[in-house]
Undergrad: 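First the structure, which I've put down as structure tokens, then a few questions once you've had a look.
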Amino acid sequence: MEQQLDYAAVRAAAGRIAGTVRPVAVVPAAEGVWYALESLQHTGSFKARGARNFLAAHHAAGALPDAGVTIASGGNAGLACAWAARAQAVPATVFLPANAPRVKVERLRGYGADVRLVGATYAEALAACEEFAAASGALSSHAYDHPLIAAGAGTLLDEIRAALPAVDTVVVAVGGGGLFAGIATAAREHGVRVVAAEPANCRALNAALEAGRPVDVAVDSVAADSLGATRVSADALAAARHGNVRSVLVPDAAITASRRALWEEHRIVVEAGAATALAALRTASEPLGERVAVVLCGANTDPGDL
């Protein structure tokens with residue numbers, strides 16, 4: 001299926017997933033700051049939007065094989081894929097690094113997925129997934145690098161605007177770039193600024209902007225289980241090159257502190273990847289905007305270490 005990521009694709013995604021995902025709750029957090037609680041989404045993260053859009057589009061095109069769908073993931077994309085596949089009554093085979101959080105592995109199995117733990121990095125799991133897809137005929141999905149996945153994620157921006165029409169800035173964590181690319185594409189349509197937040201030692205987008213092309217980066221962060229892509233998508237880099245986007249890096253200590261603050265101050269539990277967006281706001285040397293929405297994108301974590 002030929003696809004491209006533009007605002008029309010985001011609007012088409014909104015039509016496909018309407019009624020099947022939870023509209024985001026946007027709540028006030030501080031003066032001029034709101035939280036977009038996508039951590040309350042089905043499967044515990046924003047990934048449900050892209051997975052649902054991806055499979056719905058292929059179903060409508062008659063392109064869902066009997067072998068089902070397969071995906072490599074740090075956890076959240078796999079959960080979303082398995083959840084969406086169950087809704088379409090097709091099997092899902094999910095490849096994860098062997099060090100994936102146990103809470104995510106157990107939930108995947110609860111969705112009926114065939115879980116395969118391979119290697120120590122997302123890249124190794126992806127290579128195994130690609131081999132499986134070639135041998136089995138399963139439809140190969142992707143954790144972030146597909147226009148249908150990114151467009152589904154981008155539906156979040158219009159929901160934020162519906163709840164907070166005066167929003168001028170959205171802060172979003174970046175791993176491989178699917179959520180960022182979708183949100184930035186929709187934000188550009190409405191003149192909304194986007195702050196792309198990454199851990200300092202997990203900076204695929206920031207490095208790509210410096211190099212002028214996607215490049216491989218080392219991954220070493222407390223948020224690596226969800227933001228640990230070694231290379232950002234071409235769509236994410238293209239979106240980041242527009243004037244409404246700012247790339248920022250935050251240290252792990254700020255991520256951990258932000259995650260703890262969300263719990264202590266608001267009783268909100270999120271994973272480190274989601275706390276990365278708040279860390280960018282908390283460590284900013286100047287205001288990021290007058291009406292800022294911080295996307296809390298996932299909550300698949302063990303709250304025992306808060």
Side-chain angles (χ1 to χ4, degrees), residues 43-48 50-51 54-55 65 67-86 90-146 148-150 153 173-181 198-199 201-205 207 214-236 271-273 297-298 300-302:
T43 77
S45 86
F46 75 94
K47 298 281 190 178
F54 180 84
L55 288 181
V69 61
T70 186
I71 190 170
S73 167
N76 285 343
L79 286 166
C81 182
W83 170 77
R86 186 175 66 175
V90 296
T93 304
V94 181
F95 290 80
L96 281 78
N99 58 359
R102 186 175 65 181
V103 63
K104 296 182 181 181
V105 174
E106 291 175 350
R107 289 195 67 195
L108 271 168
R109 290 176 174 148
Y111 286 132
D114 177 0
V115 180
R116 305 192 183 188
L117 303 176
V118 178
T121 66
Y122 168 76
E124 291 173 289
L126 177 60
C129 178
E130 290 172 345
E131 289 179 10
F132 173 80
S136 67
L139 173 65
S140 183
S141 185
H142 198 282
Y144 58 87
D145 193 4
H146 193 286
L148 287 169
I149 297 294
V174 183
L179 176 62
F180 162 74
E198 294 175 280
N201 295 323
C202 201
R203 51 184 290 268
L205 178 63
V215 293
D216 288 335
V217 297
V219 172
D220 181 17
S221 170
V222 67
D225 67 307
S226 57
L227 304 183
T230 55
R231 177 180 288 241
V232 78
S233 72
D235 280 335
E271 56 198 76
C297 58
N300 289 315
T301 187
D302 180 354

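What's counted below: heavy atoms across the whole structure, side chains too, no hydrogens, waters or symmetry copies. Note that the structure is a prediction, hence the values are computed from the model and not measured.
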Undergrad: Can you see which heavy atom on Leu55 is nearest to which on Cys81, and at what distance?
TA: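 So the two residues come closest at CD1-O, 4.2 Å.
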Undergrad: Nearest 0.5 Å, please: how far is CD1 in Ile149 from OG in Ser141?
TA: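 One gets 4.0 Å once the value is rounded to the nearest 0.5 Å.
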Undergrad: Hey, what do you get for CZ (Phe95) to CD (Glu131), rounding to the nearest 0.5 Å?
TA: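 Answer rounded to 0.5 Å: 8.5 Å.
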Undergrad: Rounded to the nearest 0.5 Å, what separation is found between the OG atom of Ser233 and the NE2 atom of His142?
TA: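 These two atoms lie 8.5 Å from each other.
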Undergrad: For a quick test of reading the model, state the closest non-hydrogen atom pair linking Ala143 to Ala72 and the distance between them.
TA: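 Heavy atoms only, the tightest pair is CB-O, 3.7 Å.
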Undergrad: Where do Leu117 and Val105 land on the side-chain contact (heavy atoms from CB on, under 4.5 Å) test, with the steps shown first?
TA: CA-CA 9 Å; Leu117 303 176; Val105 174; 4.2 Å; yes
Undergrad: Say you draw a straight line from CG of Asp225 to CG of Asn300; how long is it, rounded to the nearest 0.5 Å?
TA: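 So the CG of Asp225 and the CG of Asn300 are separated by 9.5 Å.
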Undergrad: Can you confirm whether Ser136 sits close enough to Thr70 that some side-chain heavy atom of one is under 4.5 Å from a side-chain heavy atom of the other?
TA: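 Counting from C-beta outward, Ser136 and Thr70 never come under 4.5 Å.
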Undergrad: Could you list the residues that satisfy salt bridge (Lys or Arg N to Asp or Glu O under 4.0 Å) with Arg109, not counting sequence neighbours?
TA: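 In terms of salt bridge (Lys or Arg N to Asp or Glu O under 4.0 Å), with neighbours along the sequence ignored, Arg109 is linked to no residue.
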Undergrad: Which heavy atom in Val219 sits nearest to a heavy atom in Gly228, and how many Å separate them?
TA: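 Reported closest heavy-atom pair: CG2-O, 3.4 Å.
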Undergrad: I'd like to know if the side chain of Thr93 and the backbone of Asp114 have a donor-acceptor N/O pair within less than 3.5 Å.
TA: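 No.
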Undergrad: I need the Ile71 CD1 to Tyr144 OH distance, nearest 0.5 Å.
TA: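 If I round to the nearest 0.5 Å, the distance is 11.0 Å.
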Undergrad: Between Gly178 and Ala153, what is the shortest heavy-atom contact and its length?
TA: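 Minimum heavy-atom contact is O-CB, 4.1 Å.
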Undergrad: For Ala67 and Gly137, work out which heavy atoms get closest and say how close.
TA: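 Looks like CB-C, 4.0 Å.
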Undergrad: For Thr43 and Ala48, work out which heavy atoms get closest and say how close.
TA: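 The answer is OG1-CB, 4.0 Å.
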Undergrad: Hey, could you give me the CZ/CG distance between Arg116 and Leu96, rounded to the nearest 0.5 Å?
TA: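 It is 12.5 Å, given to the nearest 0.5 Å.
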Undergrad: Any donor and acceptor pair, going by atom type alone, linking the side chain of Glu198 with main-chain N or O of Ala204 inside 3.5 Å?
TA: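 At least one qualifying donor-acceptor pair exists.
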Undergrad: Is there a donor-acceptor contact under 3.5 Å from the side chain of Ser73 to the main chain of Gly78?
TA: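 Answer holds: yes.
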Undergrad: Listed by chain and number, what are the side chain to side chain contact (heavy atoms under 4.5 Å, CB included) partners of Ala82, not counting sequence neighbours?
TA: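 By the side chain to side chain contact (heavy atoms under 4.5 Å, CB included) rule, Ala82 matches Ala92, Leu108, Tyr111, Ala113.
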Undergrad: Please examine the side chains of Pro97 and Thr121, heavy atoms only from C-beta on, and report whether any two atoms are closer than 4.5 Å.
TA: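 No, their side chains stay 4.5 Å or more apart.
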Undergrad: Within the structure provided, determine whether Lys104 and Ser226 are in side-chain contact (heavy-atom separation under 4.5 Å).
TA: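 They are in side-chain contact.
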Undergrad: Please state whether the rings of His146 and Phe54 are parallel, tilted or perpendicular, taking 30° and 60° as the class boundaries.
TA: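 His146 vs Phe54 ring planes: perpendicular.
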Undergrad: Suppose we screen for side chain to side chain contact (heavy atoms under 4.5 Å, CB included). Which residues come up paired with Cys297, at least two apart in sequence or across chains?
TA: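 Here the qualifying residues are Phe46, Leu179, Ala274, Val295.
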